[in-house]
Every structure is written in C-alpha cells, then in structure tokens.
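Notes follow the structure.
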Amino acid sequence: MEKYEPSKIEPKWQKCWEEHPELSAADDAVNKPKYYCLDMFPYPSGDGLHVGHVESYTATDIVSRFKRMNGKNVLHPQGWDAFGLPAENYAIKTGTHPDLRTHQNIANFTRQIKSLGMSYDWSREIDTSNPEYYKWTQWLFLLFYKNGLAYKKMGKVNWCPSCQTVLANEQVEDGICERCKNEVIQKDLEQWYFKITDFIENNKETTGLIEGLGKVDWPGSTIAAQKNWIGKSEGVEFKFKVKNSDSEISVYTTRIDTVFGVTYVVVGPEHRIIKGLKDKISNIEEVETYVAETKKKTDLERMEAKVKTGVELRGIKVINPFSGQEVPLFVADYVLSQYGTGAVMAVPAHDERDFEFAKKYDLPIKRVIEPKFIAGPGSDSAIMPGQEYIKRSAIAAVIRNPKDDTYLCISWKTAHMHGIVTGGVDEGEDIVEAARREVLEETGYKNLKLVKISDKAIHSLFYHRVKKQNRWARFQYVIFDLIDEQQEAIDEKEAALHEIIWKKKEELRDFFSVIEGTYIMNLLDNIDSAFTDDGVVYNSGEYDWMDSSEARKKMAQWLEKEGIGKKKINYKLRDWLVSRQRYWGAPIPIIYCDKCGAVPVPEKDLPVMLPTDVDFKPIGESPLAYSKTFHDVVCPKCGGKARRESDTMDTFVCSSWYYFRYSDPKNREEFASKENIKKWLPVDLYVGGAEHSVLHLLYARFFTKALHNLGYVGFDEPFLKLRHQGMILAEDGRKMSKSLGNVINPDVVVKEFGADSLRIFEMFMGPFDAMKPWNTKGIVGMQRFLDKVWRFSETVSDSNEPDVKIQSLLHKTIKKVTADIEDFHFNTAVSQLMILANAMEKETVIFKDEYGKFLILLSPFAPHIAEELWSRIGNDKSIFLESWPEYDAELAKDEEAEVVIQVNGKVRDKMTVSADMDEEEMKALAIASEKVQAHISGKEIRKIIVVKGRLVSIVV
RNA sequence: GCCUUGGUGGCGGAAUGGUAUACGCGCUAGUCUUAGGAACUAGUUCCCGGAAGGGAUUGAGAGUUCGAGUCUCUCCCAAGGCACCA
C-alpha cells in the first residue's frame, strides 16, 4: 500500500466535492428539519486566513457535516464583510481602488478556505460591498427611517482626527480610536443615529435586549458583557430646592438609603443651573473660568485627571428634602453631564468619588450606613441558640441584642485570623479548646456552647472594611456571650454578659459603640475610605435600623408621596451613531432638498451606487461629497435642486443583517423572502470571536428586534446558540502578530502536514473556547494518528465476526463522539477516536463494518482521509451520504469491570469481576482480599459502601 | 474596584461526588537501519525503596461526605470584559 500523502488525496477530494455541491447545499425545497450553522463572516484582510479562522470554521464544519449525517437540512454559508477602513487606507497608501484590493483578498480567502475542505454552500456566498447586497442595507436604513428608528441629530460625537471620521461609542476605548490608536476628540456634528435604546426593554411583543439574553444559549461572559454595556441601573430621581429661589436641582441616585449622609450637591460643568443662578453666585467669575477650562479638556484628559477638581457656587445653598439640612453646591467635572440628570447628591462617607472630593476640599463626612453583621432570625447568617455543636467551626463571640432577639456572631477562625483574640492558640492545641479556655478565663462560665456561624457574614465585617484601609486591625479584648446548653439558663447568663459588657464599657469604647442596644463595631472612627456596601441605616431619623434595601424602598415611597421624586431607571447605552465620513461603505440613501428637507431615496432608485470618480484622501468630510456624479441630484419629491447625503454607513450596519440574506441570497424583490426567513431562521448555532461580544452581537440583535417589531420576522433573537473560539497564541505564548513575526500561516501548515492534520490538531489542542498556545510539534502527533488509520486499513476484512472488545469500544466511541460534538468538546472527541484507533491497530483483523463506522465518526474531523479510505474499502458513494451511526447501549457495556476496594477512603486492592455481579458478592470478595485483610484484620467493620461495577469502600 | 472564566505532570490538557494525571507532545531505553531520520515496542506525577511495597499530590486553608480536582465558605494568583455611569 502506498504511503498516506495528504497533498495527493486532499486536492482530489476537494475537486470532487466541488463537482458535487449537493453534498453541502442547503435545500430550500426539501422538507427535512433545518439546522442553520453560521460562522461570523470574515473581513477579507490582506493578511489572509489566520489559524483562528481555521479553528472556528473547522468547528462549524464538523457540526454541519454531523448534522447532515443526522438527517438535518443544513444551511452552512460563508460570505464577506467587505466594506471597511483597512481597504480604504490601503487605497490611500497605494492608489489601488478598495474594490479591487477587497476582491483580490476575497479570492485569496476563498482559495484558503477551500484548501481546508470546508463544506460551505458556496451558492449562497454574499459580499456586503456588492450593490445587490448594499441595496438592501440601504432599504433597511429607509425602513428604519420611515418608522422613526433612524434619525439625524446634532450632538457631541467622538471624532477621530486620524481616521477623519466619527466613531460609535463602542469603537472608542479609553478615549482612543480602536482602529488607529489615536486620541479621539469631541466634536459637535449632525449625524445619523439608530434608535437602539427603544429596544433595551421589551417593546410591545418584542423581547428587549436585556430580557432576551435570558432565552439564548450564550457564554456567560458574553451575556455579562452585554448587560454591562447596556448598564441598567435602578434608582430614584428627586429634587433639591435651592434656598431663597424657585430653582430646583434634580439628582439621580441608586443609593437613596444614604441620603441622610449628603453633605453637598454637585453639578456637571454643562449644567444649566449655573446660568440660571448666575446673579446669586458670588464667585461667578471663578465658576465660569472653571467651566471654560473643563470644556477644553478631552474626555480622556478628564478621565486621566488623578485629582478631582471643582468649585463651590458661593452664595447658594440647597436643601435636603429628607433632613431639611442646608448643604453647599459645587460644580465639578467628575460629574458626567450626559448621564442621569447631570447632577448628583454627594455622600462622601459612602461613595469613593465623593469621599475623595470631600477630603480634598475639607467637606464634612457623615456616616449613615454601618455594615450589617447582626443577622436577623431567618437569615442564613443568623445562628440561634440551640443549634447543634459542630466540631471545628468555632466561634469567638456571640452577643445578643435583647431588643430584637438578634445575635452578633464572630467566628473563632476569623477572630483569631484577624488578631481579635489576643490569647492565641498554644502550639498543637485544639482551636476550639483554646476558645473555651479563653472564655473560661474571661468569664468563669463552664458550660459554653459553641455555635456555627457563617464566615460570609463575618467577612463583610472584618475583612472587607479593614482591608480597605490596607491594614489589619488588632483588638485587645474579646467578649463572649455564653449560650448555655440549658435553655432556661440563658436569661441569667445574658444578664451576666451584659453586666460584663457594661462593666467593660469604658475599655471597650475604642472598638464597640453602643447604640440602641446594638453593639456596633466602631472600627472606622478614623475614616480613611468610604464604605460603599449595603448595610444598616442609622443617623437617618425614622429610617434608622432598616436594611439598605428596605430603606431604599421606604424612601422612594416617601418621595413619590411628597411629589418631589420618583423611581427612575438609567442606562449607559445610547443610540447608535451610524454615519461615517468615509468612502468604502454603503451610502446613506437620503437626499437633501432646500425646499423639502431630508427626503428618502425612493425604493425604485435603490441601490444608491458608490461612485467611482472619487479621491480617497480623508479630508474630514466624506469623499463622496466631491463626486459630481454622486452629489448633485434632483429632489425626488419636488424635482428641485438637491444634493445627496455624502456619508456612508458604519460597516456594522452591513453585518447586522447578513444572516437573513443567506436564506435568500439572490432575491431582487426583498432583503429575504418571508418564507425563506421562516424556513431557515433563527440561526441555530453561531460561532465567532469573543471580540464581538458587545458590538456586532448587540447591533445584530437590535436589527432582529426592530424587524420583529415591524412584523418582518417571527422571532426576536437571531442567534439561539453562540460559542466563541479561544484565541490561539503563538508558540512563545504571546499573541500572534505581524510585528513579532510569530504568525502561523495556515497555507504553510497545510502544505507540510495536510488540511486534515491541521483541522484535527486545532480541535485537539484544548477546549474550544480556551486560549491556547500553538505548538508545531503537536501536529506531528495528528499526522501519526492519521497515518495509523491509513495503515491499518490494510487489515480490513470482509468477514463480519464481531470482536467483543472492539465492538464495545466502538459503541462507547459512537456515544462519546456524538455527545462531544453536541457539547463542543472536540478535543475529547478526537482523543476518543485515537483510543479506538489504537485498539483497532492492535488487532490482526478489522472487520469492515467496524472500520467503516470508525471512518464515519472520523469524517467530520478529517473529511479527506475519511473519504479516501471509505472509497478504498469498496464504497462508491461519498461517505458524507452515510447516516451517523447510533450506539447500542448493550454493546457499549463492559463484560467485566475492574472494581476498586477502598479501606477508609484509600485504594488497597483491585479486582476484576463480571460487570453485573451483585453487591453482596462484591462485598464478600472485597473482604476476602489479602491486601484488604492486612488493613482491616482485628478491626471492626463499621460500614461498607458498594457501587456496582465500580468500587467497594470499607470503613473500619 | 466590579463582572466573567480559570488555576491539575516537563508541556497542551482529561476526569456523571467513586482507580487523579485519559489522549497527544516531550523525554528514557530498546528493535530496525551503513548512518541520520522515520516507524515500532516498553517506560514516564513526585518522594523513599534493589524489589515487594509505602507515603505525598489537582494554587492555599477550612467545611460537608464512607469517599472531594469536582459541592460549600474564605484567601491567593492569572486571563478577559467594564469602569468617575452616582
């Protein structure tokens, strides 16, 4: 038999599959259950395919082939996200038209993908820069426009001076353009927006962007990232009255429970109250100078400023509606004008920013929240007397509050760890005994009962607060409550305890303050940080001793009753800015007429074609504006002189709906027909990089929701199941990058090892979603494996006398590989195939049926070699027309099982018995074992646990 | 700081609460070969021991359990996302 040479067989089968497109085509007509398996379509960059592309495309190829063999009508398309800045920048540099460059790149990508044996339905290929495609991008823009979801407004926008275009908030990272890494500045410009904020919450029948995340199967991190980006916060908005004036200042807060701690109010520099109260502000010049200065700063400079700055509006006092207290008013640029009301109530004791500011300007800091370490009955951190004694989960202190029958508990471990107990534990002494001893010395009580308490509750008290100060507090005293084993005695003991506490009150004052019968640790008398957690409210009038959450509820009710405020929900997400002043994108289909204003281009005139007579140099305005053929038009409404909108759309608009187009890529009447959308969508499996966790996925969801809301589609989440491939690092553990010269080119790997080896290797490297380093030596192992499979095809025999061992392993493999593909555990699927191959190789004869089934299992992973060997064992049809094998639970069973015998949890012997031996028999055999006898003889057997076919555990 | 995901041999990694280290790489020895390579065979978590055997071990500590990599709690570390959003 000749050697396994991938370079010979792979091109051969690729050609054959190309001649038989029905093997990978999605059939609109057939009435089988559908499965839509989608890759995030690539941007065809000049660098060509990356090993990361190979990883995700192999995964979807495996799933697609697997689903087809399981009788599904699979839609597995590929296309090109062809518009975008790199091609345009390349054009500026070299003078090559972006269209030409893009299509060269697409040709290269296509060649590379085909060389990997991917089973795409190429008849559905799409290209967002093709007028047949962007016609519908424009049509969707107009659909949104007509329904009030696309609008133009003047506003502060992110402007990248280097790219010479505006950017969406999502494309700015830390004030830096994510593309070119230059600083982004703020500019006032009139721009187009999509109303994505209409869909944050449910909108009529359409599930909102937040709630919809609850019904999709997506990675937790991506769901979290989206929620985080939307940034929903629930709070209240209410008014501070300005003293001696009709003016009011609305503030927004999520922590109304801290309102009695307000010591000043701050407005952002753009707040209109500054103008409104101009006459009353005694230092107006100073204020105006400050405002002017902050306006000059970029967002980046504002954020980078280490020290908070601000100016008091002298002569102005505002009144806290809860306490009636008068507090000063400040202007400071740490308050964001765009968020909430642009004004905040400042609570330095419980907000880090306010704290910092108050320290700097020497403003009062008033504490109104204490950490909650007194647990009420029913709470899981509350421990009531009479609970069982638990051996090592000691306590240090239990103090009862007789007023409401709650207990303060301090765990021994925690107390000791933090130096609360000074006595310490002697070497080798039991920690619980140490506690008893110390208590005894302190109090003279003997019948101490130790109770278990939640470390978590303690944690919030000691660790959290103390660590924030970057030092460990040390205590000199400890008070123990005594909970006697006799319930009756408790009252008496309690009295005694209180006596002790009161007696020690003087000494204790340093760290316990006594408030209303509740002992509150006064650790932070010298506050050097804000306490920002929820806790118990005090110094707050009628709200005293409520939990933060309860106080928030009651305070909001009061505000609403008084008519000074209301509950309010705020979001960080703003509307999506979609216009770009660049050439290589889909033109916005709007015409401006002096008479009629903005007029949508009539549908029959779509697409608005990108002109070719332009210079690409970015000049701060779209290059389209200088195309005579493009710019000057007549108004479609009145026939008068008019000009076209010269901006193009953000490329994310093009990629927000492409998954619809695949269902009906050649439709000239609609973006996709209703039947085809209904037939194929939503997408069952979507695979792509985690870098799209926020932008693309959020925008695509918005498009689907908008189309659902307008009645075009019957579902409101486009991607049911989403998986991200993990990043593949270079061999040195660093990111692959051109500048480091450590990029692996798939072409080179295919040439040296073959596409099948590359595919299997990328699947075998580790969990699909994990970051993993490349290792060229590792591919050798894959080649050896495939070589082995190739070699032992020689031992295949027509006879059908099954080998029990191989048959059992084969069925186990069918079971595991099937489950692993469903679960995206490709690495263990490959490993299981290797185990089967290793076993088959050791046999002198392999039966054809078993070998064939093995090849079918291998085929989605390594399609070329599977197809080749399949034909070599006498099949004339493609292996991909076979059905996926089913496993037989009976055959997968082991006849014999190796049973482990444990004594006190340690493995002492093993025995091989028949798999269905009953428990009594196993017990008897286990006890009879010599090695076991050595460990149990002379001892009493207390317990025996038997797990059938697995183990016997003997406890002595 | 917050959110998310992780931490297991020399390396990538595997393990429904039930033999930790499957599978692959690497390494060691051997077979074949003029030689190198390839291929094949055996071995390979660590410590003690010639062996039989024993002990330790899944970032650290504790808890639940006959039994914990896996469940609970605390701490430490790493990666990624968000971040002056009140």
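Convention: sequence-line order gives letters A, B, ...; per-chain numbering from 1.
A:K308 contributes a side-chain N or O that forms a donor-acceptor pair with the base of B:C84 under 3.5 Å.
Checked against side chain to side chain donor-acceptor pair (under 3.5 Å), A:T776 has the following partners two or more places apart in sequence or in another chain: A:E731, A:W774. Residues forming a ring-ring contact (aromatic ring centres under 6.0 Å, His included) with A:F792 (at least two apart in sequence, or on another chain): A:Y851. Remark: A:H724 engages A:T222 in a side chain to side chain donor-acceptor pair (under 3.5 Å) (not counting sequence neighbours). With sequence neighbours excluded, the residues satisfying ring-ring contact (aromatic ring centres under 6.0 Å, His included) with A:F330 are A:Y264, A:F357.
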Could you list the protein-to-nucleotides 55-59 of chain B atom pairs, N/O on both sides, closer than 3.5 Å?
from	atom 1	to	atom 2	distance (Å)
B:G55	OP2	A:R908	NH1	3.2
B:A56	OP2	A:K906	NZ	3.1

List every contact pair, protein side and nucleotides 21-24 of chain B side both N or O, where the distance is under 3.5 Å.
from	atom 1	to	atom 2	distance (Å)
B:G24	OP1	A:N838	ND2	3.3

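With a glycosidic angle further than 90° from 0, B:G81 counts as anti.
Classification of the A:F826-A:F861 ring pair by plane angle, with boundaries at 30° and 60°, yields perpendicular.
The phosphate of B:C25 has neither OP1 nor OP2 within less than 4.0 Å of any side-chain N or O from A:K777. Between A:Y334 and B:A86 there is no side-chain N or O to OP1 or OP2 distance below 4.0 Å. Contact between the side-chain N/O atoms of A:S233 and the OP1/OP2 oxygens of B:A86 is found at a separation under 4.0 Å.
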Test log, rule side chain to side chain contact (heavy atoms under 4.5 Å, CB included), inputs A:L833 and A:F854: CA-CA 8 Å; A:L833 288 169; A:F854 167 76; 4.1 Å; yes
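Checked against B:A83, B:U16, B:A39, the side chain of A:W229 finds its nearest nucleotide in B:A83.
Taking atom NZ on A:K772 and atom C1' on B:U5, their separation rounds to 14 Å, with Å as the unit. In this structure, the CG atom of A:N228 is 12 Å from the C1' atom of B:G80, given to the nearest Å.
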